[in-house]
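Here's the structure we're looking at; comments come further down.
Because the structure is predicted, anything quoted here is derived from the model rather than measured. Quick note: numbers below take in every heavy atom, side chains included, and nothing from hydrogens, waters or symmetry partners. Here is how names work: the chains are called A, B, and so on, in the same order as the sequence lines, proteins then strands, and each is numbered from 1.
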There are 2 protein chains.
Amino acid sequence: MTARNGRAPSVKEVAAAAGVSLGTVSNVLNRPSVVSTSTRERVERAMAELGFVRNESARQLRAGTSRALAYVMLDGGNPFFHDVAAGIESAAEDADLSVFVCNSGGGIEREAKHLDRLLQQRVQGILLTPVDPGAPHLAEAARRGTPIVLVDRAGDTRDQCSVAVDDVLGGRIAVEHLLERGHQRVAFVGGPESVGQVRDRLRGAREVWAELGRPTDDLLHLPTGALTVAEGRAAGERLAGLPARRRPGAAFCANDLLALGLLQHAVGAGVHVPGELAIVGYDDIDFAAAAAVPLTSVRQPRQELGRTAARLALDEATNPQHRHEQAMFAPALVARASTGLTRS
Amino acid sequence: MTARNGRAPSVKEVAAAAGVSLGTVSNVLNRPSVVSTSTRERVERAMAELGFVRNESARQLRAGTSRALAYVMLDGGNPFFHDVAAGIESAAEDADLSVFVCNSGGGIEREAKHLDRLLQQRVQGILLTPVDPGAPHLAEAARRGTPIVLVDRAGDTRDQCSVAVDDVLGGRIAVEHLLERGHQRVAFVGGPESVGQVRDRLRGAREVWAELGRPTDDLLHLPTGALTVAEGRAAGERLAGLPARRRPGAAFCANDLLALGLLQHAVGAGVHVPGELAIVGYDDIDFAAAAAVPLTSVRQPRQELGRTAARLALDEATNPQHRHEQAMFAPALVARASTGLTRS
DNA sequence: CCTTTCGCTTGAAACGTCACATCGGATGGT
DNA sequence: ACCATCCGATGTGACGTTTCAAGCGAAAGG
């Protein structure tokens, strides 16, 4: 409980205070069993008195590797990614690691900057939902020797780990659910198509539609500029502007934010959900269940996604026999009130 | 572009490859102007070829301090804290720092564990929304010499920095707004009272009530066990269970999650919002504006809160003349549809 | 031709920790 | 009384970077 002198005390100072050598202090820290009880207690007392805290940088330098993982998420405004982050953190905690959480916000240069910083930190692994899985700085970073795990995007190639959810299947089950509910015309709300997740979910929807021989025109694609609540609201307006004959009685949104925006517009415009418009979202974020009309959504195992990604990165970092793995999870439909009734 | 040999190349290897001394490589990195153009180019070429990446741990060890800030948030499930985190990250980016984002989840021992780890990392500063501002491990950590800034909680004492929003004022303006709207009976929904924010907001509400000489019983306190959507829903049920004479026509919720839960219950039960029940939330998270009935809420300058906290921590870490500062922001009411009409 | 100056490069030391080889002294067996 | 054994403590070197005083060669000035 001594006052600070400006600089944090080192093992050397603890050793001096306890009247032992520096090596002994290190032993107390790392292999307490080889130290006699009396000296150990003396050293521990000195550590407490001086307020000694291990210097992690020095340990890292010595060990050659840090005790941290990193997650670079794609959109900090979407709770889905925070749930993935929570899964990562839980796995990291088990392994006694710290986590750097970064947000590229969809910007490729911000992503590159984050990667660069993380490489300098010598993090054990980088978990990344990439802006563009083909961007050169990804390959460049991987070449530097830090494990990179793609999150929520299947690796195109076999030379890196990835965890993802089968988005094509997700698109299928969403549309199948609406068909079971008796809907004849369905809108797919989502874009831009440069986003792989959007492409795949739309593809799944179209596959089912084609397999059942439905008229192509009855699966309407309402493109959006982003996956946000505001865009969902705007899509609602466009939907309402359609002539009644052509207007779909159900919408499948590429994610829950769009779905919430669409729902908000419907409620505001007096459109009954699900009576006049059934809505299916995607991701099953907590706010989907909490919406005024609880939202049917396609659930992704978000935490599991994060935990698995962390596990893979750690394996790649520590296991010399590591083999790259492309984990693929299955989505599941969670039916709620927003598709609870067929149209009257 | 040489293949990896298992270990990342160091300045020494770059120096050897470029045929210069290690000190020169360091100069290229840190003071390029003192190096002649030809050698600098040679060194830079060698760095590119070997894929050299600075080792941040070594820099830190040498410098005695890290280039990172940390934020320990109270509830990862509440978007409010992620918005604060975004503000912190933006300030950190300006200062070229990394950010560790941690989540105590309201657990005092998780908080302590995070603090311990962060002290070991020698982060420049720790921004913290504490579980309990009086917990001993906070003082203990501060004694270790790492700046600690309280976020969203005013420091009780003058011996540390803090950033907060005036919650008493926030409670006042929420209730004033409802009174202006003509409401006679109001429920305050929120708890537990161990949470300082809840206490202050309730106090503000009561102050206004008393100042205007309203009957105490007309400001009903509906306690909740937590600040979550589920608790908001439950509160809605209790509200609905009250006899009509005593039932308040308006609710002021201690945060937006409660408000959203309450709104969901109302919509599900066919209670018109705001006609039969007006709702005011707190925090103005993005989902408040995105709710089916857009939520009136008390806005806190979330990003600004984070940015200021980061600035204070950094000042404390680097400026020897630093004086502790208790920044206090003013909340503002954002009126939306959930209080749009007075009761009929 | 010698000295001064200047521009550039060099080499060594230090940051804090950990592992490993070494060393000292006490104990016990012969 | 002497040697082997063993437990516990010690000292040193290395991790990769930065800094700074010192060195060195060439150009400029006398």
May I have the distance from [X] (atom [atom1]) to [N] (atom [atom2]), rounded to whole angstrom?
X	N	atom1	atom2	answer
A/Q120	D/dT17	CD	C1'	12 Å
B/K12	D/dT18	NZ	C1'	14 Å
A/L61	D/dG16	CG	C1'	5 Å
A/R67	C/dT17	CZ	P	16 Å
A/E56	D/dC15	CD	C1'	14 Å
A/Q60	C/dT17	CD	P	13 Å

Would you say [N] has OP1 or OP2 under 4.0 Å from some side-chain N or O of [X]?
X	N	value
B/R59	D/dT18	yes
A/T39	D/dA9	yes
B/R54	D/dT18	yes
A/S36	D/dA9	yes

Discussion item. Taking A/G76's backbone N and O only, do any of them form a donor-acceptor pair with A/N103's side chain (distance below 3.5 Å, no angle check)?
Written reply: yes

Discussion item. Looking at A/Q120, is its backbone amide N or carbonyl O close enough to the side chain of B/R54 to form a donor-acceptor pair, meaning the two atoms are under 3.5 Å apart?
Written reply: no

Nearest to side-chain heavy atoms of [X], which nucleotide of [options]:
X	options	answer
A/T24	D/dA9, D/dT18, C/dG16	D/dA9
A/R31	D/dT19, C/dC20, D/dG16	C/dC20
A/N55	D/dC15, D/dT18, C/dG16	C/dG16
B/N30	D/dT18, D/dG11, D/dG16	D/dT18
A/S10	C/dG16, D/dT17, C/dT10	C/dG16

Worksheet item: Toward the 5' end of DNA chain C, which comes first, B/T37 or B/R62, by nearest nucleotide?
Response: B/T37

Worksheet item: When you match B/R122 and A/N27 each to their closest nucleotide on DNA chain C, which lands nearer the 5' end?
Response: B/R122

Worksheet, complete the sentence: On DNA chain D, more 5' by nearest nucleotide between A/L22 and A/S38 is A/S38

Worksheet entry | Check: B/F100 ring centre within less than 6.0 Å of B/Y71 ring centre | no

Worksheet item: A/S90 and A/Q303: side-chain donor and acceptor closer than 3.5 Å?
Response: no

Worksheet, complete the sentence: Closest non-hydrogen contact found for B/P130 with B/R153 is CD-CB, 4.3 Å

